[in-house]
Amino acid sequence: MALRLYNTLSGKIEDFHPLDDNRVRMYACGPTVYDYGHIGNFRTFIAVDLLYRFLRQSGYEVRYVMNITDVDDKIIRNSAHDGVSVQQYTAKYIQAFLEDSATLGIEKPIFVRATEHINAMADFIAELAKKGFAYRTEDGSYYFRIAKFPEYGKLSKKDFAGMNDGARVDVDEYEKDSARDFALWKAPKPGEASWETAIGPGRPGWHIECSVMSMEELGPSFDLHAGGEDLIFPHHENEIAQSESLSGQQFARYWFHARFLLVEGQKMSKSLGNFFTIRDLVLRGHKPSSIRWLLSQVPYRNQLNFTFDGLKSAASSVEKLRNFRFRLTSTQFPAGSTPQIAQLAQETIDKMKSALDDDLNTAEAQAAMFDMLRKVNTVLDAAQAGQNNFRQEDVKPLLGALTKFDEIFGVLNDDDQPKMKAILEWARAEGREKEISPELLGIAGSAQLTDEQVNQKLAEMEAARKTRNFKTSDALRAELTGAGIIVENTKEGVRWRRK
RNA sequence: GGCGCGGUAGCCAAGUGGUAAGGCCGAGGUCUGCAAAACCUCUAUCGUGAGUUCGAUUCUCACCCGCGCCUCCA
């Protein structure tokens, strides 16, 4: 079995084969940094992250480039409003985006920024003009001539042949040859950011940056191009038109689009009050791992309903996984091995792989892992009850399966607390104290006990329990629980973890 | 209007032409000084109607409902 992916270009699920042996070149449309990223943005970025991780796990060498759009209408408008430069304005949100990505365990791509490729864009446009695909208007703007690119519409499956251009020309677009023609370059306007280039002053249109930067980083023809479904038209359609007109070659071969999510069953929008950034959710006390889990639970092409119940459910699921690993690693089992366990681990790995091979069916991959969990827990329960059917060497293959699982899903490592603490401090620095929930304070805000301190308390507690001084032991347990320490007393002895 | 996606248990959500994964929550049970963890049992006539078929949740059609794109929203 090999990877099969839905390709928006063909509208079908296809076998995935990179152009160059086992090297994959992929490009993802990243954020426009005019505000903090919201969960919808991050659904897409996590979907691409899962793809990237799985490609590498499958043995591909992946060159993964993501752009950051650091100049556009909104940025120009907002920075002007704040009275700062475009650079100053975007620096804050670029930083926030990098932080949020790290918070969600998203692996780092190679980042490219629009404003660092302005001259290359101008050259690209000049070349298009030379070939007759672009034209300059009186004010110094450049447009792409769609009539010159007959395949226009092939990605979004739109048929522009029968459209009457003239009928839809807006008054302010009178300079364009055709209403469908899109801007490659916008002539400067007073007070707006502008760059001096070979084609004159101005700023780039939205689509040109991705054509220029992706081709620069990955070549004129590369394997994968990803983004949110809203980008199919016009953004990606226009990228294809620009790029293929210039190079005469196929631009991206596979187009990967993540579907929009719903929030509490409704489209996310500021007016509905269901618009959340990652930071909003953490301030409410939700763990980054819960957010990541919820966003990766539903296969990327399906509508995902993001709910607060779902967030709680995700937290329980993650905890179940972590508990399982804890159970395996915190106990010394009798020496030896059980062949069935190794076999179960391998079957689980195989099932995860075939699930993910099938257009990244994350739900099925997760189900395979939970099946393994249940079966092994059953055996461990029996072992605890005296049956000698789980051996120390069984741990290794099971941990191996968990590791493979987590190479994709990335939730096992319990680093929620420091991440939440960082956001807590950010909120205080930003003057957003009143948004800090008791839940967040409970997890991230209280003074932490060191391992030594915990072990000290634990020793006291065990001593009390041995002499059946339960009043003392219960008090100690309560104290530890209050500090976010969960103590488990099992037949094999006492063990603890942080909540 | 054009193009596309979906409606599966209280919630989230896979999947298949032969009577439905997984997670969460709830109820009962096992274990247990308490707690935690875990396990077991219970909870779905798969939007509605019709058709194709030996047999459909899975294919076809119609209808109802939700959602997306149709010029800068991931």
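Predicted model, so just to flag it, every value in this text is computed and none were measured. Here is the naming used below: chain letters follow the sequence lines, and residue numbers restart at 1 for every chain.
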Handout entry: Separation of the P atoms in B:C54 and B:C12, to the nearest angstrom
Key = 38 Å
Exercise for the section: Taking atom C1' in both B:C39 and B:U45, compute the distance separating them and give it to the nearest angstrom. Expected result: 30 Å
Practice task
Give A:Asp230 one of three labels, base, sugar-phosphate or nothing, depending on what nucleic acid heavy atoms sit under 4.0 Å from its own.
Solution key: base
Problem - Watson-Crick and G-U pairing of RNA chain B written in dot-bracket, each distance under 3.5 angstrom, with | for inter-strand partners - result: (((((((..(((.....[...))).(((((.......)))))....(((((..]....))))))))))))....
Exercise for the section: Assign A:Leu261 to base, sugar-phosphate, or nothing according to its heavy-atom contacts below 4.0 angstrom with the strands shown. Expected result: base
Fill in the blank from the handout: Regarding the side chain of A:Asn323, the nearest nucleotide among B:C34, B:C3, B:A37 is B:A37
Taking N or O atoms only and anything under 3.5 Å, show me the protein contacts with nucleotides 46-48 of chain B, one pair per line.
none

Exercise for the section: Could you tell me whether A:Pro299 contacts a base, only the sugar-phosphate backbone, or nothing, with contacts defined as non-hydrogen atoms closer than 4.0 Å? Expected result: sugar-phosphate
Practice task
Could you please name the option among B:G22, B:U71, B:C34 that lies closest to any side-chain atom of A:Arg477?
Solution key: B:C34
Problem - Between A:Asn361 and A:Arg301, a side-chain donor and acceptor under 3.5 Å - result: no
Practice task
May I ask you to say what A:His207 touches in the nucleic acid, namely base, sugar-phosphate or nothing, with a heavy-atom cut-off under 4.0 Å?
Solution key: nothing
Pairs: protein N or O with nucleotides 6-11 of chain B N or O, under 3.5 Å:
none

